[in-house]
Number of protein chains: 2
Amino acid sequence: MTSTKAERVRRAVLADIVSGALAPGTPLDEVTLAAQHEVSRTPVREALRRLQSDGLLEVGPRRRLLVVDVSPEHRRELTTLRVALEGAAAAAGCERRDEDDLDGLELLLIKQERAAQAGDAEIFLRLDEEFHLTLAGAARMPTLSRMLGQLGAFVRIGRLGEETSAAHMKALVSEHTELVELLRARRASRLRAALATHIERTAPRG
Amino acid sequence: MTSTKAERVRRAVLADIVSGALAPGTPLDEVTLAAQHEVSRTPVREALRRLQSDGLLEVGPRRRLLVVDVSPEHRRELTTLRVALEGAAAAAGCERRDEDDLDGLELLLIKQERAAQAGDAEIFLRLDEEFHLTLAGAARMPTLSRMLGQLGAFVRIGRLGEETSAAHMKALVSEHTELVELLRARRASRLRAALATHIERTAPRG
DNA sequence: CTCTCGCCACATGTATACATTTCAGTGACT
DNA sequence: AGTCACTGAAATGTATACATGTGGCGAGAG
């Protein structure tokens with residue numbers, strides 16, 4: 001087995017949550033999930049426990065686990081957190097980045113360009129998240145990266161009904177390009193400021 | 001039952017980890033833990049899964065779960081993260097704090113004063129953590145508070161062999177007092193700067 | 001003596017059966 | 001009519017038995 005059943009169930013449920021197939025507030029029933037994924041309740045429970053620890057599920061009445069909701073205030077909080085964490089990572093990354101970091105980011109820029117051209121918002125959003133995680137990864141701060149990964153799930157829930165035009169996507173790629181150049185030039189303050197502006201513009205809904 | 005067995009086991013294991021009774025690198029054996037806590041393996045496994053999601057356990061050889069180690073670099077990372085997160089919280093807290101926040105913080109100051117006077121480092125460290133969480137709580141940012149809670153466990157692991165003199169404790173209380181005054185006066189920039197200095201002084205080892 | 005192969009023990013992964021909790025609905029009593 | 005206690009169903013919590021797979025360790029060949 002390439003991985004455990006619990007882990008596969010966890011990924012599947014996570015995917016259903018961030019894709020909106022499981023709407024916020026939905027109660028997760030262990031036996032139903034077990035049947036859907038053709039496993040016993042045991043791995044399902046372990047998957048749910050981990051999602052609960054990640055903050056994606058909350059306990060409701062009857063000890064049931066519900067998919068968390070992302071309120072407008074919560075979205076604003078997420079933006080603040082991203083600015084703080086990605087900003088710190090970007091500053092540290094200016095000192096520690098190497099050529100591989102830049103190469104990886106440039107590759108992502110090309111892919112984003114293609115997705116923007118094709119108008120494929122779904123792929124673009126995934127690439128956008130990967131870009132930000134990669135940028136933060138240059139800081140070599142694993143705990144910070146873990147936290148951003150957790151935030152990513154919330155961000156995706158919050159973005160659910162969001163529609164992204166091709167023009168908007170191209171503008172974002174252009175901003176990403178500038179971020180990479182600032183990282184290359186190791187201009188920490190400028191990068192931090194540009195990143196903050198970029199993040200706040202990406203999530204303007206309040 | 002006031003809570004579930006899994007939750008009690010989780011708290012007990014967490015306490016053993018942050019107290020150093022379970023040293024970093026120690027493999028956690030499910031049947032041993034089950035015997036120690038007089039429960040079956042099932043609740044033990046759920047407890048371990050949650051601790052794993054919180055980053056306190058990592059998978060080792062034979063899929064065993066090991067207590068994570070906190071390296072000097074990791075400690076530096078924790079300091080950077082605390083500055084970023086608590087700083088953001090402090091700035092937001094200057095706008096949202098109410099009288100209850102200040103009352104709670106002042107009560108903690110009094111308790112810390114007593115612990116410093118008595119030279120009780122263990123109680124003092126617990127109060128110190130509670131103080132920082134309460135200060136951050138004024139920001140009304142639940143996700144940020146959750147993240148700081150997770151960081152707290154790492155911080156406590158990193159501080160394990162640390163000895164704290166009565167004089168040092170008194171100095172910290174004095175700094176805490178100033179932080180509260182800055183929060184009361186809603187001086188966000190000054191508070192952020194003072195907090196950063198304070199956090200960096202608290203964890204100078206590296 | 002060393003290196004490889006295969007066997008086996010042990011810890012974890014999974015399934016299933018049983019216990020317990022929780023809350024909603026019902027009925028009697030005030 | 002309102003309220004309280006009780007009951008019962010449905011979900012989660014727990015225990016146990018069985019499956020799996022990994023890595024150590026010894027036997028045998030080179």
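Just so it is clear, the model here is predicted, and its values are computed rather than measured. Proteins get letters first, then strands, A, B, ... in listed order; numbering begins at 1 in each.
Within the nucleic acid shown, B:Leu28 comes within 4.0 Å of sugar-phosphate atoms alone, with no base atom in reach, counting heavy atoms only. Across all strands, B:Arg64 comes closer than 4.0 Å only to sugar-phosphate atoms, never to a base (heavy-atom distances).
Taking atom CG on A:Leu33 and atom C1' on C:dT14, their separation rounds to 17 Å, with Å as the unit. Taking atom CD on A:Glu38 and atom P on C:dA15, their separation rounds to 11 Å, with Å as the unit. When the C1' atom of D:dG13 is taken as reference, atom CZ of B:Arg8 falls 12 Å away, rounded to whole Å. As rounded to whole Å, 15 Å separates atom P of C:dT22 from atom CG of A:Leu65. Atoms CZ (A:Arg49) and P (C:dG13) sit 16 Å apart, rounded to a whole Å. A:Glu30 has its CD atom 14 Å from the C1' atom of C:dT16, to the nearest Å. Between B:Glu7 atom CD and C:dT21 atom C1' the separation is 16 Å, expressed in whole Å.
OP1 and OP2 of D:dT12 both lie 4.0 Å or more from every side-chain N or O belonging to A:Arg45. Within the 4.0 Å cut-off from OP1 or OP2 of C:dA15, at least one side-chain nitrogen or oxygen of A:Lys5 is found.
Taking only side-chain atoms of B:Thr42, from C-beta outward, the nucleotide of C:dT22, D:dG13, D:dA15 with the closest atom is D:dA15. Nearest to the side chain of B:Asp29, among D:dG13, C:dA11, D:dT16, sits C:dA11. The side chain of B:Arg63 lies closest to C:dT12 when the candidates are C:dT12, D:dT14, C:dT22.
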* To do: Give the intermediate values and the outcome of salt bridge (Lys or Arg N to Asp or Glu O under 4.0 Å) for residues B:Glu130 and B:Arg126.
  => CA-CA 6 Å; B:Glu130 191 178 349; B:Arg126 178 159 35 241; over 6 Å; no

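Checked by distance alone, A:Arg62 brings a side-chain donor or acceptor within 3.5 Å of a matching partner on the base of C:dT22. With hydrogens and angles left out, the side chain of A:Arg41 and the base of D:dG13 share a donor-acceptor pair within 3.5 Å.
Residue whose closest nucleotide on DNA chain C sits further toward the 5' end, between B:Leu48 and A:Val39: B:Leu48.
Residues A:Leu135 and A:Leu195 are in side-chain contact: their nearest non-hydrogen atoms beyond the backbone lie under 4.5 Å apart. Inter-residue side-chain proximity for B:Val44 and B:His37 is flagged as unmet; no heavy-atom pair is nearer than 4.5 Å. Between A:Asp69 and A:Ile157, the closest side-chain pair of non-hydrogen atoms is not below 4.5 Å.
Defined by atom type and a distance below 3.5 Å, a donor-acceptor pair is present between the side-chain atoms of B:Asp128 and B:His176.
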